[in-house]
Structure formats: structure tokens, C-alpha cells
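If you read the sequence from its start, that first residue is 1, and numbering goes on from there.
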Amino acid sequence: MSFLSRRFLGREETLLEEVLRNLRHLLSAKRGAASFLPGFGLSETGFRTAEEMLGQLGAEIRENIRLYEPRVEVTEIEEDYEGENGRLRLVVHCRLRHTAEPLTVLIDPYTRAMAVAPQTQPEEE
């Protein structure tokens, strides 16, 4: 838990809550906005094809998590089309390094909104 969260919010976070908070900040940040960390955050998608945008965002997500959230290891990034409207999203499969707990993060490449996918339990036979 960060000092500021403990001090001013007065509550303790679990490791997972702390990691998710950090990922939200990291993946919603605009790349280049912090002059002292030019690679921090994700680039604007601009006028790119969907394929170019997904390739660039995938590479930047891997790089940012590796550099700025070392408690998480990215295992796979895939694209998915959500629901009836077919809205594109990135599915980032990760695991916490300390516990090997799986974590799946869903990212809307246009709005940078992030959600955590529920973990499915293996079916019993």
C-alpha cells in the first residue's frame, strides 16, 4: 500500500488492490505527458488502422508493465470483440509474480477504460 493511501484514506489494501490501482494509473496515463518519464503511459491511437493501433498498444502495455509494475508478469495479450456491438478490447492475461495468481485485465483501446475479468475456476469432472 502506498504511503498516501494509508495516511489519508486510512485503510490497508491487499496486494491485488494495490497492483490494480497502479495498473489503472499506468494504463490510463498519456504517453509523453510526464517529461521526466517519456515512456510512461500509452500513446494516443490517432489515425491508425485497428491493426497498427493494437500492435502498438500491445507493445506499450508490455513495456510499461515490465518497467513500472514489476510485481506483474504479462503472459499474453489478445484482442476480443465485446458483446452484441462488437466493440474491440484488449485482453491482457497476467499473473502476480509473488503468488502466481492469474489476473486478466480488459482494456478499451479507445477510452483506456480498464476492468478486471472474473477468474474462471476449472470445471470439476
**OP:** May I have the step-by-step check of side-chain contact (heavy atoms from CB on, under 4.5 Å) for E18 and T14, ending in yes or no?
**Re:** CA-CA 6 Å; E18 188 177 327; T14 66; over 6 Å; no
**OP:** To the nearest 0.5 angstrom, please state how far the CD atom of E101 sits from the NE2 atom of H98.
**Re:**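 The NE2 atom of H98 is 11.0 Å from CD of E101, to the nearest 0.5 Å.
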**OP:** Find the distance between CD (E69) and CG (L20) and round it off to the nearest 0.5 Å.
**Re:**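 Rounded to the nearest 0.5 Å, the CD-CG separation comes to 9.0 Å.
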Subject >> Closest heavy-atom pair and its distance - R97, V72 >> reply: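 That closest heavy-atom pairing would be NE-O, 3.6 Å.
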Original post:
What are the two closest non-hydrogen atoms of E12 and E17, and how far apart are they?
Top reply: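 Minimum heavy-atom separation between E12 and E17: O-OE1, 4.2 Å.
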With the side chain counted from C-beta on, respond yes when [X] and [Y] share a heavy-atom pair under 4.5 Å apart, and no when they do not.
X: V19; Y: L96; result: yes
X: E44; Y: K30; result: yes
X: L90; Y: L106; result: no
X: L23; Y: M114; result: yes
X: L16; Y: R71; result: no
X: T75; Y: R95; result: yes
X: I77; Y: R62; result: yes
X: L42; Y: R31; result: no

Original post:
Among the clusters formed by ILVMFWY side chains lying less than 4.5 Å apart, do Y110 and L26 turn up in the same one?
Top reply: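 Same cluster: Y110 reaches L26 through Ile, Leu, Val, Met, Phe, Trp or Tyr contacts under 4.5 Å.
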Original post:
What residues, two or more places apart in sequence or in another chain, satisfy side-chain contact (heavy atoms from CB on, under 4.5 Å) together with E51?
Top reply: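 Once residues adjacent in sequence are excluded, the partners of E51 under the side-chain contact (heavy atoms from CB on, under 4.5 Å) criterion are T49.
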**OP:** May I have the step-by-step check of side-chain contact (heavy atoms from CB on, under 4.5 Å) for Y81 and R89, ending in yes or no?
**Re:** CA-CA 6 Å; Y81 295 91; R89 66 182 177 182; over 6 Å; no
Original post:
Is a side-chain donor or acceptor of N64 paired with a backbone partner of G41 at a separation under 3.5 angstrom?
Top reply: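 Confirmed, N64 side chain pairs with G41 backbone.
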Subject >> Backbone of I107 reached by a side-chain donor or acceptor of R112 within 3.5 Å >> reply: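 Answer holds: no.
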Subject >> Verdict with supporting geometry, V92 and E76, side-chain contact (heavy atoms from CB on, under 4.5 Å) >> reply: CA-CA 6 Å; V92 182; E76 180 183 9; over 6 Å; no
Original post:
Where do E78 and H93 land on the side-chain contact (heavy atoms from CB on, under 4.5 Å) test, with the steps shown first?
Top reply: CA-CA 8 Å; E78 58 186 347; H93 300 281; 2.7 Å; yes
Subject >> Donor on one side chain, acceptor on other, E60 and Q56, under 3.5 Å >> reply: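 Side chains of E60 and Q56: pair found under 3.5 Å.
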**OP:** Enumerate the residue pairs fulfilling ring pair (Phe, Tyr, Trp, His ring centres under 6.0 Å) with a member in residues 50-71, sequence neighbours excluded, ordered by first and then second residue.
**Re:**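 Ring pair (Phe, Tyr, Trp, His ring centres under 6.0 Å) check on residues 50-71 returns F40-Y68.
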